[in-house]
Amino acid sequence: MSDAVDFEDYLKSLGRLTSHVDPTVSTPEAERIVEATGSLGGLLDTDLTGLAAWVRDNPNDVPVLGLAVGLSQEKLKNALRDHFDTSGWHGLARTQPVELVTWLDAEFDLVRMLRTQMERTYTFADILVARAGTRATATRAGASGRRIEDEIEDIARDLGLNYTTRSRFAGRNGRTAPADLIVGDPNSADIVVAAKGFDSTGSKLTDAVREIEEMAEVRLPTQLVLAVIDGIGWKSRQSDLRRIHQLWATRQIDGMYTLVTLDRFRTDVAEFARLRRLIS
C-alpha cells in the first residue's frame with residue numbers, strides 16, 4: 001500500500017464537491033415568478049472599485065454579497081478559507097477589500113449577478129422561490145456527499161468485485177462497524193471503504209471521523225481499510241481531518257485518498273484484490 005503523505009499535502013488536494021449554481025437561472029418553478037430588483041440597488045455600487053470601498057466601510061455586511069451570488073454564510077466561510085486560508089471576512093474586508101471583491105467577481109460573477117438582480121422587481125412569489133431554494137440546496141448537499149460513494153462503487157464494479165454499499169461489516173471479536181463500500185461478504189469482508197465528502201461543516205464531519213475510527217478499531221489483520229475523503233468543508237475542521245490522517249500515518253487504516261487520487265485508490269484495491277484472489 002502507499003505510504004501516508006504529509007498532512008498539508010493531503011489538505012491541499014481537497015476540492016469542492018458541489019458546483020456553484022447561478023441562483024438567477026430560471027427553473028420551472030421560477031418561470032412563474034416575476035423578476036425584480038431588491039434593496040441591493042439602493043445599497044451597492046456594481047463597479048468593483050465602489051464595491052471594494054463598500055466592503056471596507058461595511059465589513060459586517062460582506063455576507064450580503066455572498067447572498068447576492070447564492071452563498072450562505074457557511075458556504076461563504078468555506079469558500080474564503082479555501083481561497084484566502086481564513087474564513088474571517090471582517091479582516092479581509094478591512095485589509096484586502098479589492099482582492100476580496102475581485103475574487104468574488106472572478107469566482108462567482110459578482111458584478112453581473114448584482115446588475116441582473118438589481119434590475120428585477122421582487123414580489124411575494126420570490127419569497128416562495130427563496131424557500132424552495134433552501135430545499136434545493138439541501139438536495140445538492142446530499143448529492144455531493146454521494147458523489148464519492150458513486151465514484152468508488154464504479155471502480156469496484158469495473159474491477160469485477162462483489163460488493164455491498166452502505167452497510168456494516170464484521171471484524172474482531174464479532175464486533176461490527178459501518179462502511180460505505182464492503183468488498184466480499186460483510187460477515188468476512190476483504191476490503192472496507194469509508195467515503196466522506198463535505199463542502200459544508202457541521203456535526204456530520206465529526207460523525208464521519210468516529211465511523212472511521214470505529215472501522216480501525218474492529219478491523220481484522222486480513223482486512224484492508226481505506227478512506228476516500230474530499231470537500232472544502234474539511235478545511236474548516238482540520239482537527240477532525242488530522243485524526244483520520246493520523247490513523248493512516250500509524251497504519252491503523254491502509255490508505256486515504258481524495259477524488260484527484262482515485263487512480264491510486266483503484267491501483268491499491270486492484271493489487272490487494274489480486275493477492276486475495278478476488279480477481280484474476
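Counting only heavy atoms from C-beta outward, the side chains of E107 and H83 never approach each other to under 4.5 Å. At least one side-chain heavy atom of R266 sits less than 4.5 Å from a side-chain heavy atom of L159. Within the 4.5 Å cutoff, the side chain of I212 has heavy atoms near those of the I229 side chain. A 4.5 Å side-chain heavy-atom check between H245 and L11 finds every atom pair outside the cut-off. Residues L100 and L80 have side chains in contact (heavy-atom distance under 4.5 Å, counting atoms from C-beta outward). Side-chain contact between T176 and V218 is absent, with no heavy-atom pair separated by less than 4.5 Å. Using a 4.5 Å heavy-atom threshold, the side chains of W103 and L110 count as separate. Using a 4.5 Å cut-off on side-chain heavy atoms (C-beta onward), D254 and V225 make contact.
V183 and F265 fall within the same hydrophobic cluster, where Ile, Leu, Val, Met, Phe, Trp and Tyr residues are linked whenever their side-chain heavy atoms come under 4.5 Å apart, directly or through other members. Residues I152 and I279 share a single hydrophobic cluster, defined by chaining ILVMFWY side chains whose heavy atoms lie under 4.5 Å apart. Placement of V209 and I232 in two distinct hydrophobic clusters is found when ILVMFWY residues are connected by side-chain heavy-atom separations under 4.5 Å, directly or transitively. Residues Y257 and L161 share a hydrophobic cluster, clusters being chains of Ile/Leu/Val/Met/Phe/Trp/Tyr side chains in contact below 4.5 Å.
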task = Evaluate the criterion side-chain contact (heavy atoms from CB on, under 4.5 Å) for residue pair M113 and F108; output intermediate values, then yes/no.
result = CA-CA 8 Å; M113 295 286 283; F108 302 107; over 6 Å; no

ask   = Given the rule in the salt bridge (charged side-chain N to carboxylate O under 4.0 Å, His left out) test, do D154 and R157 qualify, once you have shown the distances and angles that lead to the verdict?
value = CA-CA 5 Å; D154 286 345; R157 184 187 302 111; 2.8 Å; yes

request  = List the steps, then state whether side-chain contact (heavy atoms from CB on, under 4.5 Å) holds for R147 with L259.
outcome  = CA-CA 10 Å; R147 178 182 171 188; L259 289 176; 3.5 Å; yes

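What you find for W89 and P63 is that their closest heavy atoms are CZ2-CG, 3.3 Å. Closest approach of Y10 to V5, counting heavy atoms only: CB-CG2, 4.0 Å. Residues M215 and A194 share a closest heavy-atom pair of SD-CB, 3.7 Å. Here the closest non-hydrogen pair linking Q223 and G171 is OE1-CA, 4.2 Å. What you find for E99 and F84 is that their closest heavy atoms are O-CZ, 3.9 Å. The shortest non-hydrogen separation linking V55 to P97 is CG2-CB, 3.6 Å.
Atom CG of residue L71 and atom CG of residue L104 lie 7.5 Å apart, to the nearest 0.5 angstrom. Atom OG1 of T165 is separated from atom CD1 of I182 by 8.5 Å, given to the nearest 0.5 angstrom. To the nearest 0.5 Å, the span separating CZ on F7 from CD1 on I244 amounts to 9.5 Å. The distance from the OG1 atom of T102 to the CD atom of Q96 is 10.5 Å, given to the nearest 0.5 Å. Note that OG of S236 is 11.5 Å distant from CG of L241, once rounded to the nearest 0.5 Å. The line from OG1 of T258 to CD1 of I148 is 8.5 Å long, rounded to the nearest 0.5 Å.
A salt bridge links R243 and D240; the closest N-O separation between the charged side-chain nitrogens and carboxylate oxygens is under 4.0 Å. The residues D207 and R210 are annotated as salt-bridged, a charged nitrogen and a carboxylate oxygen being separated by less than 4.0 angstrom.
Under the 3.5 Å distance criterion, with hydrogens and angles disregarded, no donor-acceptor pair is assigned to the side chains of R276 and T222.
H90 meets the ring pair (Phe, Tyr, Trp, His ring centres under 6.0 Å) test with no other residue; sequence neighbours excluded. For A208, the side-chain contact (heavy atoms from CB on, under 4.5 Å) partners at least two apart in sequence or on another chain are K196, F198, W234.
Screening R172, R168, R175, R219 for a salt bridge (charged side-chain N to carboxylate O under 4.0 Å, His left out) involving E214 leaves a single residue, R168.
A donor-acceptor pair under 3.5 Å is formed between the side chain of D105 and the backbone N or O of V111.
Note on residues 223-236: pairs passing salt bridge (Lys or Arg N to Asp or Glu O under 4.0 Å), not counting sequence neighbours, are D82-K235.
The 12-atom threshold is exceeded at CG of N58, counting heavy atoms of other residues, nucleotides or ligands nearer than 6.0 Å.
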